[in-house]
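Taking it in order: structure first as structure tokens, then the write-up.
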Amino acid sequence: MTETSEARERIAAGSLHSPPLWWVLVRHEWRLTIRDYFNAAGRRRKTTATVRSKPIGSKRVVIGLVVVQLLLHGFAAAVTWWFPRQWHDTGVTRMTAVAVFAFVSTFMLSSAMSRVVAAFHERRDLDLLLSAPVSPMLLLTIRTGTVAIATLSTFAFFVYPFIDVGVILGRWWMARLYVLLPLIALVMTGIALSLTDLVVRLVGLRRARVGLQVFSALIGASIYLVTQAARFLPPRVSQDMQQWFASITRVDDAPWLVEFIARVARGDVAAWAALIVVGIGLFVVTVRQACRRFVNVAQTPEADSRVVRASHAIVSARIAAGFGRSLFTTLLIKEWRLILRAPQLLSQVLLQILYLMPLLFVAFSNGNAGRAWGPGALSAGIVAASATLATALAWLAISGEDAPDLLAGSPSRAATIVGPKIVAATLPPVVLVFVASIGVATRSIGNAAIVLVFGILACASAAILAAASPTPGKRSDFQRRHRGRIGSGLIEAFQFIVWAAAAGTAVAGLWIVAIVLTILALVMPALRLPRVFGLIRDDD
Amino acid sequence: MSAALRVSQLVKHFAGADRSAVDRLSFTVAEGEFYALLGPNGAGKTTTLRMIAGLLAPDLGRIEVEGIDLRQSPRDAKRVVAYVPDEPMLYDKLTPIEYLELIAALWQIEPRIARDEATRLLDLLGLMPHALQRCETFSRGMRQKLVLAGALIRAPRLLILDEPLTGLDAEAARLAKDLLNVHVESGGSVILTTHILDVAERMAERIGLIRAGRLIAEGTLTELRAAASAGQDATLEEVFLDLVATPLAADGADAPVVR
């Protein structure tokens, strides 16, 4: 069937009935949400170097989801046997409930904020929808509801298999989670909407968009840091924290919020009634308040606070100061400018450094934490994190190039264009490796040298791989750059792991293993090197 | 008069397509000539321009720019060409000055000349008050003007323009047309595509019509009128619609072409 006749058939099929308005809006929201998630790889730009990739087929997605669900249920069957048959309100179960509640709510808040920003600010269809003869409240309630369901869906996908199996195995208390997770999703979506609204009021739409993305990314990172706190904090501080946590989760005399969570966990009817009323009430109120605000924002032209009219003298001075740099310096500065001037990208890149921080703490600590980690694991962690950073920057500099045709159309040698990009990507992580190795050197100069050498090699190989196999895409798709390209993501991960293991084993004195791993890690970049040379081969 | 651009038997076929995007296309643009390449959507105009700019390799055929074979010496050819695509190639996070600095470095323009030209073009195109703003705040018209400045700062011999007037207001469009005329008067050449047929009618010395990747007619407006059997008062729009409606030869043989 040709595309034209297929399109005709679809149009004909669609015109036979007119579904209710609410259903049209729900279908629109879900279509956008699902396509945004699964088809990021299909939105690549058309450049000289790329062929537009096909979006992932819906059948393959459904089959994949079903297979993963079956696997999760199988895994849950093995794990859930160990769960208690009854929920007993003890200090330990309270600690568990509070920790899980904090984890779930924080992650849901972070997820909901990202989705609110995407749905309300980045999709740019509100002007179209609000100009239609549709109730704005209906439209925005459906959109917010979609955000809540999408926020829940990630957790539901991974947690519900355990609940299913738990209920089948007679752990009836787990059935409460079927309702609890949607309620938390509702509350967190309401809070996310209010927070977004507040930030928009305070700093304006453009800055709010960036700020909320950064904030939600930092929330995700902070969860990681909290889970790693015991590893890098001094033992006394760590013990004090554990004691404090135990004190607030005591069965008697606990703070009201902990007591409330404990009552919800044990199925107290009054606590559940309060939770349902508060959850739904908060959602409705915040949706109504924030929707009014969003309607106004969407209908008001965005004020640009950064429009600075420059005087001729200032511009002339600026022109006089520029236009003298070499191509290498110009491109290097350009790449760093583009990264530094995109706060949301910068935050995503800096998160990688944030993940490196616990390791750096250990590197500079002389206490038990350093010994507990062991020098091998520490070196491996530093190398892996720096290689991750190099890969991220290399993707931005090479694959995320905004004007590939401008560069391709220039008479400059390709090598002189790719070279500065590789340097721009590798220099910051190499500096970080250098700083970390100074910390390691306070205990062992030999280990510091190993960290430095393996770190530089890992960063270089990451950049070579990125240059050899560019996967062009929009910079805004940075976080989704691996979607639809599982192979490249796996190769990257394999590289990090092998380089990290090579550094770790070298520090541990297992030299034969380290040499074998180094050779293994060098294979892929060495095989791709001809492609890099092919890429940077001069045209004439 | 020598040729600024000579395109011979150019062929480009994209994988999966049922026909060639460009099919044995041949034409010449003389030095100092303003040439308009017209055709309906999907005719192969942009593909042709991208091949001339060295951004897309032809499957077959030959392109010579100022006597330089593009396949043999692409860097030398690119040095004398400036391509302005329909979608502005800009960096949202850079200011106009930083963008022009990058172009000056890529085309290795002597710094003193680049400074003077940057100042002149920013002034001329009314971008001077916005020279320290990031391009992300620019309207479509301002972006188009900056891309035009980026093309002109290279002092190209051949300007390749794909829908250059899209998004420009009347004043800016007039300014852009004046700049193109100045470029041609000073000996440079222009090849442009546009759907605004008035522009082609008034500015182009010769016009090439392509459809399905093939040149179906070429010549001055008078010659095209004759080919279309249209009256002497027929507008380019009438001539265009008439010629484009003529069926293509089924066996792939060349359709009647006015030279």
Side-chain angles (χ1 to χ4, degrees), chain A residues 2 45-49 51-52 206 302 304-312 314-331 333-335 337-343 345 401-414 416-417 420 475-476 538-540, chain B residues 14-16 50 53-57 72-83 85 87-116 118-119 122-123 127-134 136-137 147 150 154 160:
Chain A
T2 65
R45 287 173 312 200
K46 192 168 74 176
T47 69
T48 51
V51 176
R52 192 172 289 271
R206 191 189 297 275
E302 189 175 338
D304 188 357
S305 54
R306 275 183 297 176
V307 174
V308 181
R309 287 190 174 263
S311 72
H312 199 287
I314 292 171
V315 175
S316 298
R318 176 68 189 77
I319 289 173
F323 289 97
R325 298 189 190 101
S326 68
L327 177 60
F328 184 92
T329 314
T330 305
L331 281 169
I333 291 172
K334 172 221 151 203
E335 294 303 337
R337 267 182 185 148
L338 292 179
I339 292 168
L340 290 171
R341 289 178 183 178
L345 275 184
E401 168 61 45
D402 283 329
D405 285 352
L406 179 72
L407 302 185
S410 81
S412 298
R413 291 173 187 275
T416 58
I417 293 173
R475 284 173 171 254
S476 54
D538 294 317
D539 298 322
D540 57 357
Chain B
F14 291 108
R50 287 172 65 80
L55 297 172
L56 201 59
Q72 296 290 321
S73 310
R75 288 183 55 225
D76 290 337
K78 287 173 180 177
R79 200 162 277 135
V80 295
V81 161
Y83 172 55
E87 276 297 317
M89 295 184 295
L90 277 180
Y91 297 90
D92 280 349
K93 302 290 176 189
L94 293 186
T95 66
I97 294 177
E98 291 162 353
Y99 175 71
L100 294 178
E101 273 176 15
L102 173 67
I103 287 180
L106 284 168
W107 266 263
Q108 292 142 32
I109 303 166
E110 208 265 305
R112 187 183 51 79
I113 296 171
R115 280 185 200 118
D116 292 348
T119 309
L122 289 173
D123 263 332
L127 290 172
M128 194 58 94
H130 312 282
L132 300 181
Q133 276 174 234
R134 291 181 199 170
E136 63 192 343
T137 63
V147 172
R154 307 169 215 173
I160 305 168

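Lettering of chains follows the sequences in order, A, B, ..., and the numbering in each one begins at 1. Every heavy atom of this structure was used, including side-chain atoms; hydrogens, water molecules and symmetry mates were not.
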Please check this pair: side chain of B:R134 against backbone of B:D92, looking for a donor-acceptor N/O pair closer than 3.5 Å. no
Side chain, backbone, both or neither of B:E101 within contact of chain A (heavy atoms, under 4.5 Å): both
Using non-hydrogen atoms only, which part of A:I417 is less than 4.5 Å away from chain B: side chain, backbone, both, or neither? side chain
Are B:V81 and B:I160 close enough that some pair of their side-chain heavy atoms sits under 4.5 Å apart? yes
Answer yes or no: is there a donor N or O on one side and an acceptor on the other, between the side chain of B:K78 and the main chain of A:A408, under 3.5 Å? yes
Name the region of B:A104, side chain, backbone, both or neither, that has any atom closer than 4.5 Å to a heavy atom of chain A. side chain
Tell me, with the steps shown, if B:R154 and B:L106 meet side chain to side chain contact (heavy atoms under 4.5 Å, CB included). CA-CA 10 Å; B:R154 307 169 215 173; B:L106 284 168; over 6 Å; no
Under a 4.5 Å heavy-atom cut-off, does chain A meet the side chain of B:D123, its backbone, both or neither? side chain
Heavy-atom distance under 4.5 Å between the side chains of B:K93 and A:R337, does that happen here? no
Under 4.5 Å from any heavy atom of chain A - which part of B:R112: neither
With chain B, which of A:T329, A:T330, A:L331 has the greatest number of heavy-atom pairs at distances under 4.5 Å? A:T330
Sort B:F14 into side chain, backbone, both or neither according to what part of it lies under 4.5 angstrom from a heavy atom of chain A. neither
Side chain, backbone, both or neither: which part of B:L122 has a non-hydrogen atom closer than 4.5 Å to chain A? side chain
Electrostatic pair B:E98:A:R341 at N-O distance under 4.0 angstrom: yes
